[in-house]
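Let me begin by presenting the structure, written as structure tokens, before commenting on it.
The chains referred to below are lettered A, B, ... by the order of the sequence lines, with proteins before strands, and numbering in each begins at 1. None of the values given here were measured: they were computed from a predicted structure. The figures here come from the full heavy-atom set of this structure, side chains too, leaving out hydrogens, waters and symmetry mates.
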Amino acid sequence: MKKDRFKRISPNIWEIPTDFKQGMRVPARILSSEELIDGIDDKVIDQITNVACLSGIKKYALCMPDGHCGYGFPIGGVAGFSKNDGIISPGGIGFDINCGMRLLRTDLTFDEIKPKMELLLNKLFLTIPSGVGSSGFLKLNKGQFTDIMEKGADWCLESGYATSNDIEHIEDHGRISHADHTTVSEKAISRGINQMGTLGSGNHYLEVEIAHPEGIYNRDIAKVFGIDRDNQVIVAIHCGSRGFGHQIATDYLEVFDKCSKKYDLVVRDKELMSAPIKSDEGQRYFRAMACAANAAFVNRQLITFGIRKVFSEVFGKNVHELGVETIYDVAHNIAKMEKYEIGGREEELLIHRKGATRSFGPGRPEIPKDYQLVGQPVIVGGSMETGSALLCGAKQADEETFGSTLHGAGRTMSRMQAKRTARGESIRQKMKDDGIMVKTGYMPGLAEEAAFAYKDIDSVVSAVHSIGISKKVARFKPVLNIKG
DNA sequence: ATGTCC
């Protein structure tokens with residue numbers, strides 16, 4: 001096994017030195033508890049050490065505790081590349097650009113929603129389109145979609161689909177700078193224009209969850225985030241930029257493939273195709289990626305609009321009375337320019353987070369005013385059977401992980417393998433027995449996303465908590481799930 | 001993740 005060559009830096013940090021394979025410019029670091037380190041796939045080790053070979057990489061190539069095999073980078077991969085001689089790589093961001101999570105609070109408690117569970121589930125399912133190729137209620141013209149690409153969630157504010165409180169509680173206010181619609185293909189636009197406000201498929205879901213008192217690890221911080229009553233109803237939204245971001249990733253992989261010779265980049269894996277950040281092609285992808293990121297923020301905001309409408313109808317009150325407010329909205333798949341100290345001096349790096357969450361601690365100007373004292377919320381999606389976790393960012397992340405932490409439980413099994421292991425119907429029944437009502441347009445998907453196909457979320461969360469890059473705040477238990 | 005192969 002390759003693991004005997006790992007150097008244990010601390011109880012939960014394992015380093016793979018540069019002599020592990022030829023061409024590594026920096027060491028690779030895997031964050032993991034002792035119990036999970038042996039479960040790390042050899043392919044993940046291959047992938048993260050290939051990332052360590054990319055031009056302009058600084059400090060380490062990192063893999064979070066929920067890491068598993070992905071396209072090029074592992075999902076759970078984090079890497080920072082020098083603005084001057086570094087690269088940008090679609091494989092380091094993911095096909096689903098700005099796949100991410102939003103958490104909503106409400107004033108409701110479990111007892112209040114119990115009599116209306118089935119109605120709530122059915123109305124949510126009818127209102128929020130889900131599944132492959134689904135389209136939304138909005139009929140947008142190209143001018144509006146250009147605004148969505150370039151203004152992100154601000155478009156929702158202008159159009160009456162968001163409140164200023166929503167905007168304040170989205171990463172980067174739901175508007176990524178440098179977005180330029182001229183870098184986006186017509187094909188991407190035509191795939192995306194009718195998909196705003198839709199959930200998608202795969203591991204995407206919409207979940208109603210309960211904040212039971214025993215799941216609150218830090219009552220003071222939970223209260224700052226708006227979790228302020230026993231058995232409070234929470235809503236989790238997990239989705240991304242749909243076919244729009246997917247097409248942009250596809251388009252630029254093709255562009256990078258064609259220009260790779262010109263820039264003479266050594267790439268150990270075709271899936272890691274890259275372009276220099278400073279190159280014309282690299283800049284164009286960066287700007288197109290920002291458009292997809294903005295569209296994903298809009299998507300989650302429009303889904304929020306739909307959820308508010310449903311809650312309002314089902315409980316016969318307006319949304320203000322129900323207190324349906326955005327706790328926070330985070331990107332899990334994105335690259336951003338951020339400043340870090342490298343060898344004693346500050347450098348601007350393009351931080352790639354692929355299945356990883358920003359984890360900024362207290363005092364950072366980028367985070368909402370009301371969260372300044374505690375750090376940003378970190379929203380971690382579990383499997384549909386186990387529910388999500390809420391953490392807060394910590395300063396330690398700036399030193400260890402380029403201000404990053406984990407994003408989910410992390411798969412242990414491929415979708416195919418999961419489908420061979422169980423049938424959707426048996427998972428539905430098991431969830432029902434556990435008090436979770438689920439609705440989906442694609443039953444085999446329940447097996448694909450079953451808890452047995454994922455690592456234990458509490459275990460991966462404990463690892464990042466122990467390292468100190470983010471801190472446990474709360475764990476929620478699902479009661480309703482719409483699986484795309 | 002994805003009009004899961006134009």
Just to be sure I understand the rule, does A:Lys187 reach a base, reach only the sugar-phosphate, or reach nothing, if contact means heavy atoms closer than 4.0 Å? base
Rounded to the Å, how far apart are A:Phe244 CZ and B:dT2 P? 14 Å
Nearest-nucleotide comparison on DNA chain B, the residue closer to the 5′ end among A:Glu449 and A:Val132: A:Glu449
Rounded to the nearest angstrom, tell me the gap between atom NE2 in A:His246 and atom P in B:dC6. 10 Å
In whole angstrom, what separates A:Lys419's NZ from B:dT4's P? 13 Å
For residues 271-290 of chain A, which residue pairs pass the ring-ring contact (aromatic ring centres under 6.0 Å, His included) check, not counting sequence neighbours? A:His178-A:Phe286, A:Tyr252-A:Tyr285, A:Phe256-A:Tyr285
A:His204 NE2 to B:dT4 P: how many Å, rounded? 16 Å
Does A:Gly94 reach a base, just sugar-phosphate, or nothing at all? Heavy atoms under 4.0 Å. nothing
Quick one: is A:Ser201 getting a side-chain N or O under 4.0 Å of the B:dT4 phosphate, OP1 or OP2? no
I want to know whether A:His173 and A:Phe297 have ring centres closer than 6.0 Å. no
CZ of A:Phe95 versus P of B:dT4: gap in Å, rounded? 13 Å
Side-chain donor/acceptor of A:Asn50 to backbone N/O of A:Asp46, under 3.5 Å: yes
Just checking A:Gly243: base, sugar-phosphate only, or nothing, at a heavy-atom cut-off of under 4.0 Å? sugar-phosphate
Give A:Glu448 one of three labels, base, sugar-phosphate or nothing, depending on what nucleic acid heavy atoms sit under 4.0 Å from its own. nothing
Hits for salt bridge (charged side-chain N to carboxylate O under 4.0 Å, His left out) against A:Lys278, two or more places apart or cross-chain, chain-then-number order -> none
Less than 4.5 Å apart, side chain to side chain, heavy atoms only: is that true for A:Phe145 and A:Ile148? yes
Tell me the interatomic distance from A:Asp251, atom CG, to B:dC6, atom P, rounded to whole angstroms. 13 Å
Take atom CD1 of A:Ile75 and atom C1' of B:dT2, then tell me their distance rounded to the nearest Å. 13 Å
Between A:Tyr71 (OH) and B:dT4 (P), how many Å, whole number? 17 Å
